Amino acid sequence: KAMIRRHATAEDFQNWERKAKTMDYAELKYAAKECREVASLWRGVDGMVEGFYDDQASTYATAARRRQLAAMGNGLLA
């Protein structure tokens, strides 16, 4: 797969949100962690690539948090 060297677009965020809806909580947490690790590899090398993966990580982490809060509200998590 080709390296992403551009800023995240509104379409990227929509695609990530759509993908997040197909993932369970553990998958979301894993994806966010992996994206954060990739972003950290680019820190100080290419801020655009770093930012792209940070944006992706934030999208998945936010989806995971929403899922967690919804589960807590439904009494599904302690």
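Just so you know, these numbers use all the heavy atoms, side chains as well, and skip hydrogens, waters and symmetry mates. Positions are given from 1 along the sequence. Since the structure is predicted, the reported quantities are computational estimates derived from the model, not experimental observations.
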Asks: If every non-hydrogen atom of Met23 is compared with every non-hydrogen atom of Ala31, which pair is closest and at what distance?
Replies: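 For Met23 versus Ala31, the nearest heavy atoms are CE-CB, 3.6 Å.
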
Asks: Please report the shortest heavy-atom distance between Trp16 and Phe52, naming the atom on each side.
Replies: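 The answer is CZ2-CZ, 3.5 Å.
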
Asks: Side-chain contact test, heavy atoms from C-beta onward, threshold under 4.5 Å: evaluate it for Tyr30 versus Glu27 and give yes or no.
Replies: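 In short, these two side chains do not touch, never coming nearer than 4.5 Å.
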
Asks: Grouping I, L, V, M, F, W and Y whenever their side-chain heavy atoms are under 4.5 Å apart, do Val38 and Phe13 come out in a common cluster?
Replies: yes

Asks: What pair of heavy atoms forms the shortest contact from Ala64 to Lys29, and how long is it?
Replies: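 For Ala64 and Lys29, the tightest heavy-atom pair comes out as CB-CD, 3.8 Å.
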
Asks: How many angstroms lie between CE in Met72 and CZ in Arg67, if you round to the nearest 0.5 Å?
Replies: 15.5 Å

Asks: Apply side chain to side chain donor-acceptor pair (under 3.5 Å) to residues Asp12 and Thr9 and explain how you reach the verdict.
Replies: CA-CA 5 Å; Asp12 290 321; Thr9 64; 3.2 Å; yes

Asks: Dump the intermediate steps for salt bridge (Lys or Arg N to Asp or Glu O under 4.0 Å) on Arg66 and Glu17, then the final yes or no.
Replies: CA-CA 12 Å; Arg66 280 194 305 258; Glu17 286 287 346; 2.9 Å; yes

Asks: Report yes or no: does Thr22 contribute a side-chain atom to a donor-acceptor pair with the main-chain N or O of Lys19 at less than 3.5 Å?
Replies: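 The answer is yes, because a donor-acceptor pair under 3.5 Å joins these two groups.
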
Asks: Closest approach of Ser58 and Arg36, non-hydrogen atoms and distance?
Replies: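 So the minimum-distance heavy-atom pair works out to OG-NH2, 3.2 Å.
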
Asks: To the nearest 0.5 Å, what is the distance between CE on Met48 and NE2 on His7?
Replies: 4.0 Å

Asks: To the nearest 0.5 Å, what is the distance between CZ on Arg65 and CG on Leu69?
Replies: 4.0 Å

Asks: Which heavy atom of Ala32 sits nearest to which heavy atom of Ala61, and what is that distance?
Replies: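 Nearest heavy atoms, Ala32 then Ala61: CB-N, 3.8 Å.
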
Asks: Measuring from atom CG of Leu41 to atom CG of Asp46, what distance do you get when rounded to the nearest 0.5 angstrom?
Replies: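 The distance works out to 12.5 Å.
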
